[in-house]
Amino acid sequence: MLRLLIGGRSLPNCESNYFSKLLHSSRCLHTSYSPIPNYIQTSSNESRSHSREIDIDLLFHSSTNTHLAKRLHALLIVLGKVQSLFLSTRLLNLYSNLGHISLCQQTFDQISEKDVYTWNSIISAYVRNGIPSDAVNSLYKMLKYEVKPDFYTFPPVLKACRNLNDGSRIHSLILRTGMEWDVFVAASLVHMYCRFGLFDAAYQIFENMPFRDMGCWNAIISGFCQNGKGEKALEVLEEMRIEGIKMDSVTVSTILPVCAQMDDMVQGRLTHLYVVKHGLELDLFVGNAFINFYAKFGELEQAQKVFDSLVTRDLISWNSIIAAYEQNNNPDRALNFFHEMLMYGFKPDLLTLVSVASSIAQSRESQSSRCVHGFILRRCWFEKDVIIGNAVVDMYAKLGDVDSARKLFYKISLKDVVSWNTMITGYGQNGLANEAIEVYHTMVETEYVTPNQGTWASIIPAYAHIGALKEGAATHGRVLKTGQLFDVFIGTCLIDLYGKCGKMEDTMNLFNEVSKTSSVPWNAVISCLGIHGHGETSLKLFRDMIDDGVQPDTITFISLLSACSHSGLVEQGEWCFDVMQQDYGIKPGLKHYGCLVDLLGRAGQLEKAYNFIKNMPLQPDASVWGALLGACRIHGNADLGKLASDRLLEVDPDNVGYYVLLSNIYANAGKWDGVNRVRSLANSKGLKKTPGWSSIELNNKMEVFYTGNQSHPQCDEIYGELENLTAKMKILGYIPDYSFVLQDVEEDEKQHILSSHSERLAIAYGIINTPARTPIRIFKNLRVCGDCHTATKFISRITEREIIVRDSNRFHNFKDGVCSCGDYW
DNA sequence: TTAGGGTTAG
């Protein structure tokens with residue numbers, strides 16, 4: 001061991017005490033105690049007379065952060081030791097451990113006579129710091145300088161090759177040097193070939209090894225695990241067991257993520273027993289792997305137990321427990337752990353912030369979103385990894401702040417497919433289907449990303465939302481080309497698309513094709529049948545689902561209840577509500593209560609619905625009172641309507657829809673003072689009525705009409721057509737229902753207002769621009785007004801066309817003067 | 001002094 005003589009006037013008298021402090025400093029990452037400045041002060045000429053022997057090795061060990069490492073570097077310069085090959089190589093390794101690759105390079109360049117240690121050190125520094133190409137180049141330079149590689153040289157070089165996807169040259173070099181059966185070299189080769197997907201080559205090397213240590217076993221297992229061959233990994237594990245070789249902590253932490261991936265809880269639990277029996281539970285990697293394992297199965301108690309039992313915790317332990325709660329819908333707990341982690345002095349990394357952003361989105365803590373954004377911005381993490389940008393875009397979108405989401409999205413320089421999917425989903429979730437479609441088109445045009453399952457799952461619902469059947473069907477074609485048709489999620493999205501576009505035949509065909517082992521496709525088809533008014537068929541499918549042994553969930557019952565509601569199946573709906581609780585132990589949530597109120601209310605049982613609300617064990621929310629208010633609108637009950645809206649304005653004062661409904665009720669009853677009161681209340685709150693719009697797809701383009709639109713190029717033709725139609729309708733007995741006109745104006749004007757409702761503009765546009773007697777499909781963002789409903793029935797008879805209108809609530813299929821909903825909606 | 005095989009991700 002190299003020792004130095006340094007003077008020590010101001011050194012502590014008690015050397016053992018001093019060293020214990022020094023050692024202490026090397027163990028505590030967060031200490032502010034720095035022994036090195038003392039050395040520099042004490043190394044002046046005058047103090048050298050009182051020289052002492054100091055172990056420089058300890059100084060290397062105590063340099064646990066960049067500041068201390070630089071001090072040590074300065075000390076070596078002061079002592080004139082920087083030219084020492086041994087010390088400068090150690091310094092190089094120190095910088096490498098601390099992640100300072102440029103300082104490594106500087107130190108390396110200053111060394112004039114480099115030996116094999118020096119070359120090995122710089123190679124491993126490049127690998128560790130993520131510059132594999134420089135690592136390989138260094139090997140070739142080393143050969144040029146005629147320094148012979150040794151057993152230490154190749155493992156890191158092979159690791160570099162793994163990331164460069166090229167290893168044949170190095171492999172032949174290794175063969176020439178005769179080092180291929182060194183356990184470290186061989187293990188590296190095995191792992192490299194697994195990464196290349198050359199599993200047979202990897203296994204062949206593994207099989208031919210004259211000697212295998214744990215590292216070799218782990219290399220083949222982890223090689224299989226990390227490259228999608230989990231089952232093969234388990235086979236090797238079995239081989240290991242037969243040969244009587246015990247798993248170590250590395251094996252365990254490698255195998256656990258695979259158990260989770262393969263949904264193999266049993267294997268994971270057995271591994272846990274093994275770990276306890278063999279005393280591996282104190283290993284940090286093992287503990288962390290178990291936290292993640294249990295979190296994936298939603299077993300938070302177990303995950304928490306493992307976390308609590310850890311003797312030491314690192315950043316990954318904290319990240320894992322935060323992610324565990326975040327991914328299992330407990331964002332508050334996740335955020336608590338984040339704060340606790342900060343209190344313990346841990347510095348969060350990029351992955352911590354990914355979980356934090358998602359937690360904030362879930363907990364609707366919009367105030368914190370800016371802090372998170374700023375925190376990441378200050379650290380320049382957006383440039384470091386696209387995952388964090390995606391997470392923050394998702395956070396903003398989930399919080400409803402689409403503007404911020406979009407701004408950040410366009411700032412992400414290297415968008416990956418997830419970035420695009422996140423933005424498309426974000427728009428979709430906020431009801432901006434047209435924007436979602438626009439982003440999707442840009443994504444397809446950019447060509448550097450290939451749409452994947454996530455893309456289909458985000459774009460198809462957007463098409464379904466606005467009823468863009470042709471574009472949706474074209475996407476279906478694209479999905480078919482990729483061979484992803486039978487994926488349940490995409491299949492369900494398509495079922496929903498065709499269902500919402502009125503293509504029930506296609507819906508049922510698709511439903512027959514997809515795998516029906518989960519409740520997801522059942523729920524979709526039950527809900528589609530519901531909005532078409534096929535309540536009885538929905539109930540039949542529910543029975544089929546039970547016969548098939550598929551467990552219904554809370555969504556199944558929401559779909560069923562709403563199907564019953566649309567078809568006026570009151571008794572059956574009440575039966576569903578009971579069965580849900582008694583047979584399936586599902587506690588009704590607010591949505592179920594809302595559906596039942598809707599069911600009773602639509603059927604005219606307003607008092608029963610009101611009593612039902614009064615006896616609810618949950619605090620009724622806006623959807624429940626909203627259902628009652630809607631029913632009051634249909635049945636013209638102004639008193640109960642007023643009561644419902646009073647409650648509504650307490651729980652959700654900013655929702656314009658309720659003001660509109662109430663003003664509708666008043667208008668219907670001719671109470672114009674009530675209408676004005678509601679309108680001025682809404683105005684005083686700065687609320688604007690959601691503009692009604694309808695869309696129609698023509699020549700693969702969506703044409704959108706807002707109520708009262710006067711700027712369309714075919715405006716005159718459209719209004720002319722409507723006038724024409726109204727005249728014919730009146731001959732056939734159409735009487736306009738002015739109660740749907742909210743404004744207190746003259747009758748002529750009321751007629752004009754009714755005729756400029758967006759759905760009528762879209763229908764007239766369709767009539768003008770499509771061949772006679774072909775069907776017309778319209779989508780409306782709000783509910784179709786009663787007068788338009790009546791008018792459309794007449795129009796379908798006059799034009800001999802099928803007119804399919806999908807509104808925000810359900811489906812209307814007008815044919816020969818009648819509507820499929822039987823005027824019950 | 002230098003090396004292989006390990007845990008967290010939208």
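As a basis for the values below, the full set of heavy atoms in this structure was taken, side chains included, without hydrogen atoms, waters or symmetry mates. So that the names make sense, note that chain A is the first sequence line, chain B the second, and so on, each numbered from 1.
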Hey, can you pull the donor-acceptor pairs under 3.5 Å for the side chains in residues 227-240 of chain A, sequence neighbours left out?
{"from": "A:Asn227", "atom 1": "ND2", "to": "A:Gly223", "atom 2": "O", "distance (Å)": "2.6"}
{"from": "A:Glu238", "atom 1": "OE1", "to": "A:Arg241", "atom 2": "NE", "distance (Å)": "3.2"}
{"from": "A:Glu238", "atom 1": "OE2", "to": "A:Arg241", "atom 2": "NH2", "distance (Å)": "2.7"}
{"from": "A:Glu239", "atom 1": "OE1", "to": "A:Tyr203", "atom 2": "OH", "distance (Å)": "2.8"}
{"from": "A:Glu239", "atom 1": "OE2", "to": "A:Tyr203", "atom 2": "OH", "distance (Å)": "3.1"}

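A:Phe206 pairs with exactly one of A:Trp217, A:Phe211, A:Phe224 by the ring pair (Phe, Tyr, Trp, His ring centres under 6.0 Å) rule, that one being A:Trp217.
Looking at A:Asp248, its side chain comes within 3.5 Å of the base of B:dG5 through a donor and an acceptor atom. For B:dG6, its base sits under 3.5 Å from the side chain of A:Ser253 at one donor and acceptor pair at least. Under 3.5 Å, the side chain of A:Asp213 and the base of B:dG5 form no donor-acceptor pair of N or O atoms. Scanning atom types as modelled, no donor and acceptor separated by under 3.5 angstrom connect the side chain of A:Ser222 and the base of B:dG6. Not a single donor-acceptor pair, N or O on each side, falls under 3.5 Å between the base of B:dG4 and the side chain of A:Asn218.
Residue A:Val183 is in base contact, counting any heavy-atom pair closer than 4.0 Å across all strands shown. Looking at heavy-atom distances under 4.0 Å, A:Thr251 makes no contact with the nucleic acid at all. Here A:Glu326 lies out of heavy-atom contact (under 4.0 Å) with every strand. A:Arg162 comes within 4.0 angstrom of sugar-phosphate atoms only, judged by non-hydrogen atoms across all strands, and of no base.
A cation-pi arrangement is absent between A:Arg333 and A:Phe337 under the rule of less than 6.0 angstrom and at most 45 degrees off the ring axis.
Set against B:dG4, B:dG6, B:dA9, the side chain of A:Thr254 has B:dG6 as its closest nucleotide. Side-chain proximity of A:Ile387 to B:dA9, B:dG5, B:dA3: nearest is B:dA9. For A:Ile316, whose side chain is taken as the heavy atoms from C-beta onward, the closest listed nucleotide among B:dT8, B:dT2, B:dG5 is B:dT8. Of the candidates B:dT7, B:dT1, B:dG6, B:dG6 carries the atom nearest the A:His191 side chain, counting heavy atoms from C-beta on. Residue A:Tyr152 places its side chain closer to B:dA3 than to any other of B:dT7, B:dG4, B:dA3.
Stacking between A:Tyr117 and the base of B:dT1 is present: ring centres sit under 5.5 Å apart and the planes differ by under 30 degrees.
Computed from coordinates, the A:Met214 CE to B:dA3 P distance equals 21 Å when rounded to whole Å.
Of the possible polar contacts, none joining the A:His171 side chain to the A:Gly167 backbone as a donor-acceptor pair under 3.5 Å is found.
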